[in-house]
2 protein chains.
Amino acid sequence: MNPETTQRNTKQRSAVSAVLGETEGFHSAQDLHAMLRDRGERVGLTTVYRTLQGLADAGEIDVMRPPGGEHLYRRCSQGHHHHLVCRSCGRTVEVAGPAVESWAEKVAGQHGFVDVSHTLEIFGTCPECAAKS
Amino acid sequence: MNPETTQRNTKQRSAVSAVLGETEGFHSAQDLHAMLRDRGERVGLTTVYRTLQGLADAGEIDVMRPPGGEHLYRRCSQGHHHHLVCRSCGRTVEVAGPAVESWAEKVAGQHGFVDVSHTLEIFGTCPECAAKS
DNA sequence: GCGCCTTTGACAATCATTGTCATTATCGAC
DNA sequence: GTCGATAATGACAATGATTGTCAAAGGCGC
């Protein structure tokens, strides 16, 4: 078992990372690819996908699978947390829920499940969007 | 707020509903389609998809979007609840978490979000699968 | 600098899901 | 029970995100 999957530092990887660092909210792989092109970076779509997967595996970014069908990626704070997403404008707020974490662990444990993880997303309409409609 | 969801009762709809009622766990649309064919029901794949969407909209079934990429459907108890899924054998346990519900509402409210909903899935390895490995 | 080996990227392939549209079946009215 | 409007169906094509492929290029240790 090699814990350190030989990762090399390439321009493309930093470019993707940089874009993620400068943008707010979630973006699809294709979005990010377009942004990179606009910035003049020449990065292949395939590479964007692979880089994002790598970053996601490394825990440096979060992945969300909205009903829309595309994967959305976002750089988030490192620790475990969840998202409160406006279903109208896409605005995202990070929320922490220690109570939820322990609850999930407890419930899973009661059923004998081990190696537990969980996903939680909260959807709603943010104040601005609610006011608009 | 129900603008007449004009739904007709058709053989296909009952067939899909019946299969869902007799199976355990989550199944993909294509799975269900295959099952229906085995039973001798002649149902088009397109119809299976549409029927499932309809049932999901009506709240009669639950949809899950696992990392695998396929949509999985399952008939569940009507009330709001969540799932504890074995990531090895797919076994599913329904769990209720009143505390989580209220927590989500509260957190969303604190940020001014309205019309709140949420999704929560817990993944783990069930006792049997854990023992096997 | 040199060479090995990972990464890259253009393109093709995959595959679940959705759109299309002529045909069929359902439901309410009579 | 019959009729007719109209929603539902289903075979097929289309879509579109994601993944696979493989030759070429670049990073890293030496």
Side-chain angles (χ1 to χ4, degrees), chain A residues 1-20 25-58 60-74 90 119, chain B residues 2-20 25-58 60-74 90:
Chain A
M1 242 304 193
N2 193 338
E4 193 81 17
T5 320
T6 357
Q7 293 274 47
R8 288 184 181 174
N9 261 349
T10 63
K11 294 173 190 165
Q12 289 82 357
R13 194 175 301 268
S14 349
V16 171
S17 214
V19 173
L20 279 169
F26 282 88
H27 294 280
S28 69
Q30 323 237 359
D31 258 3
L32 293 167
H33 179 231
M35 289 181 205
L36 285 167
R37 232 187 14 207
D38 287 348
R39 289 167 136 234
E41 309 277 357
R42 321 243 288 86
V43 183
L45 180 55
T46 310
T47 303
V48 174
Y49 273 106
R50 269 191 300 235
T51 303
L52 288 172
Q53 281 176 8
L55 290 171
D57 281 350
E60 293 187 31
I61 59 176
D62 263 21
V63 191
M64 192 172 46
R65 308 173 105 284
E70 296 169 302
H71 292 189
L72 299 184
Y73 301 88
R74 188 195 187 195
T119 64
Chain B
N2 193 332
E4 196 88 17
T5 329
T6 4
Q7 292 272 51
R8 288 183 181 176
N9 261 348
T10 64
K11 294 172 191 168
Q12 288 83 356
R13 193 174 301 269
S14 347
V16 171
S17 214
V19 172
L20 279 169
F26 283 89
H27 294 281
S28 69
Q30 322 236 359
D31 258 2
L32 293 167
H33 180 232
M35 289 182 206
L36 285 167
R37 233 188 12 208
D38 287 347
R39 289 167 137 237
E41 308 277 357
R42 320 236 297 64
V43 183
L45 180 57
T46 310
T47 303
V48 174
Y49 273 106
R50 268 190 302 233
T51 304
L52 289 172
Q53 281 176 7
L55 290 171
D57 280 350
E60 292 187 32
I61 59 176
D62 263 20
V63 192
M64 191 170 50
R65 306 176 104 282
E70 297 169 299
H71 291 189
L72 299 184
Y73 302 88
R74 188 194 187 193

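Within every chain, numbering begins at 1; the chains are lettered A, B, ... in the order of the sequence lines, protein sequences first and strands thereafter.
Here C:dT18 presents its P atom at 11 Å from CD of B:Q30, a figure rounded to the nearest Å. Regarding B:D31, its CG atom lies at a distance of 15 Å from the C1' atom of C:dT17, rounded to whole Å. Look at CG on B:D57: it is 15 Å from C1' on C:dT18, rounded to the nearest Å. A straight line from NE2 of A:H33 to P of C:dA10 spans 7 Å, rounded to a whole angstrom. Counting to the nearest Å, the P atom of D:dA7 and the CD atom of B:Q12 are 17 Å from each other. Atom CZ in A:R37 sits roughly 14 Å away from atom C1' in C:dG9 (whole-Å rounding). Between the P atom of D:dT9 and the CG atom of B:L52 lies a distance of 11 Å, rounded to the nearest Å. C:dT17 atom P lies 12 Å from atom NE2 of A:H71, rounded to whole Å.
Residues A:A29 and A:L45 share a closest heavy-atom pair of O-CD1, 4.5 Å. The minimum heavy-atom distance linking A:A56 with A:V63 is given by the pair CB-CG2, 3.6 Å. Taking all atoms of both residues into account, the shortest heavy-atom contact from A:L20 to A:Y73 is CD2-O, 4.2 Å.
Within a 6.0 Å radius of CZ in B:R42, other residues, nucleotides and ligands contribute 12 heavy atoms or fewer.
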*Sugar-phosphate or base contact per nucleotide [nucleotides 25-30 of chain D; S, B, -; heavy atom under 4.0 Å]*: -BBS--
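Between B:D31 atom CG and B:F26 atom CZ the span is 13.0 Å, to the nearest 0.5 Å. In this structure, CE on B:M64 lies 9.5 Å from OG1 on A:T119, to the nearest 0.5 angstrom. Between the CZ atom in A:R74 and the CG atom in A:L72 there is a gap of 11.0 Å [rounded to 0.5 Å].
Considering only side-chain atoms of A:Q53, the nucleotide from C:dA16, D:dA17, D:dT19 that sits closest is D:dT19.
Residues of residues 41-51 of chain B that place a heavy atom closer than 4.0 Å to DNA chain D, in numerical order, are B:R42, B:V43, B:G44, B:T46, B:T47, B:R50.
Between B:Y49 and B:Q30, some side-chain heavy-atom pair lies under the 4.5 Å cut-off. Looking at heavy atoms from C-beta onward, B:M35 lies out of side-chain contact with B:D38 at the 4.5 angstrom threshold.
B:V43 pairs with exactly one of B:T10, B:V19, B:V48 by the side-chain contact (heavy atoms from CB on, under 4.5 Å) rule, that one being B:V48.
Not a single donor-acceptor pair under 3.5 Å links the side chain of B:H33 to the backbone N or O of B:G44.
Each end of the helix from C:dG1-D:dC30 to C:dC30-D:dG1 yields a helix axis from five base pairs, and these two axes differ in direction by 50° (to the nearest 10 degrees).
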